[in-house]
There are 2 protein chains.
Amino acid sequence: MAKTLIPEATVKRLSLYLRCLERLREDGRKVVSSTDLSCHLQTRDAQVRKDLAYFGGFGKRGLGYEVEPLISELKSILGLDRTRKIALVGAGKLGLALVAYPGFKRRNFRISRVFDNAARKIGRLWEGVEIQDVELSDRVMKKEHIEIGIIATPGEDAQGVAERLAKAGVKAILNFAPTRISVSEPVIVKNVDLTLELENVSYHLNRADV
Amino acid sequence: MAKTLIPEATVKRLSLYLRCLERLREDGRKVVSSTDLSCHLQTRDAQVRKDLAYFGGFGKRGLGYEVEPLISELKSILGLDRTRKIALVGAGKLGLALVAYPGFKRRNFRISRVFDNAARKIGRLWEGVEIQDVELSDRVMKKEHIEIGIIATPGEDAQGVAERLAKAGVKAILNFAPTRISVSEPVIVKNVDLTLELENVSYHLNRADV
DNA sequence: ACTTGTGAAGCATTTCACAGCC
DNA sequence: GGCTGTGAAATGCTTCACAAGT
């Protein structure tokens, strides 16, 4: 039913267009051209038009795109117009920083449950959420229909947690642990490896003379 | 002088090969084939061979690639065989989590300076590093030849910090703030937007029926 | 027999260029 | 005049298929 002919690269840029539009809106802009959008991101104007045209003719010829309606359209396309419940496993420094991260709330992502396996952490409150025993996660997550799981454990625990999350009926997993995970269930898995970008930088520094 | 004919996609995979090889080494493997490597990542064997061949004939026909030498080669290509000094600006929850992140140390990235502009944070110790006034950053960074800057401030401060880092002679900037930054100087800028992946997940959940 | 290295083919994405509309 | 939407061309990346080496 869904037309999956849309390039993944296009979908990734949608989020960037949304950010850019929100900034332009704050500056009071009512209408933007594809050229306006393209010069703030690093791409060509034709790319912007083609990307947006995949989802419908949002623009007006001779004029451009209206900022406010386009923001709404993009939010709807990205599914950001409704709240998504998230459970996070691993209440270490990184995990707790993610729970407090304002960028998630701003996009309607709500980390409503936090789990850990360390007795000394269980029961504590963080950002209004109680840290619970990971053993309870299966039941809680099924009952509350939590869609997304975030893994912020040490690398060696990541695979086990991933399998647990998958069994608990999660539809997507975001893995911040520096270990590749694989799941048999039909779950969307995204690995967010914080060192990858640094390694990439290191490579390019190495090449640029010295 | 540098042959820049190497696809960026290849460079990104190099880091993944390195991780995979280190795991295989722990399992006691001495030699691997391109097929071994490809099935752990999600790519084809020919891709692995082509990627590695860009940098030299590391493999032996009929046999495969020796694990230990290949790990060394990849580290050298990625510039991970020497320590890189990093300064982090923004001692909030995310910033401090990054300072403590073990994955960076493991790859020879050393966050040797931490800066903030909040008086109540300045002077505190974290992971053995003193949090310093961001006003001192220019002088300190130039003196210590710090190559990489990490921005972990709120979004509204990111652009200003980026310009400051660029003037302080940094060669690359990793921006964790949810705001696009741009710098005039010839600096490598990488935006690591933690919400991008979540938004991508949200899009795909939206498409997969409900 | 097994596995690399690589030109050639195939596929995906980006850019060009222009018709169509405001 | 300015700007979108879109086929067609160009570019870039991946996969195939096989010669060559061990």
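First the proteins, then the strands, lettered A, B, ... as listed; each starts at 1.
- Between chain A and DNA chain C, the heavy-atom contact criterion of under 4.0 Å yields a 5' to 3' nucleotide range of C:dT13 to C:dC22.
- Atom CG in A:Asp36 sits about 13 Å away from atom P in D:dG2, given to the nearest Å.
- A salt bridge links B:Glu22 with B:Arg107: at least one charged nitrogen is closer than 4.0 Å to a carboxylate oxygen.
- At whole-Å resolution of the value, CD in A:Gln47 and C1' in D:dC3 are 17 Å apart.
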Protein-nucleotides 16-18 of chain D N/O pairs closer than 3.5 Å?
from: D:dA17; atom 1: N6; to: B:Arg49; atom 2: NH2; distance (Å): 3.4

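- Note on A:Ser34: a side-chain N or O is less than 4.0 Å away from OP1 or OP2 of D:dT4.
- Residues from residues 69-76 of chain B lying near DNA chain D, meaning a heavy-atom separation below 4.0 Å, are absent.
- With sequence neighbours excluded, the residues forming a salt bridge (charged side-chain N to carboxylate O under 4.0 Å, His left out) with A:Arg19 are B:Asp193, B:Glu199, listed by chain and number.
- By the salt bridge (charged side-chain N to carboxylate O under 4.0 Å, His left out) test, A:Glu185 pairs with no residue at all, sequence neighbours left out.
- Within residues 59-67 of chain A, the residues having any heavy atom closer than 4.0 Å to DNA chain D are, in order of number, A:Gly59, A:Lys60, A:Arg61, A:Gly62, A:Leu63, A:Gly64, A:Tyr65.
- Other residues, nucleotides and ligands place more than 12 heavy atoms under 6.0 Å from the CD atom of B:Glu156.
- Sparse packing is recorded around CZ of A:Arg110, with 12 or fewer heavy atoms of other residues, nucleotides or ligands lying under 6.0 Å away.
- Counting heavy atoms of neighbouring residues, nucleotides and ligands inside a 6.0 Å radius, atom NZ of A:Lys190 exceeds 12 of them.
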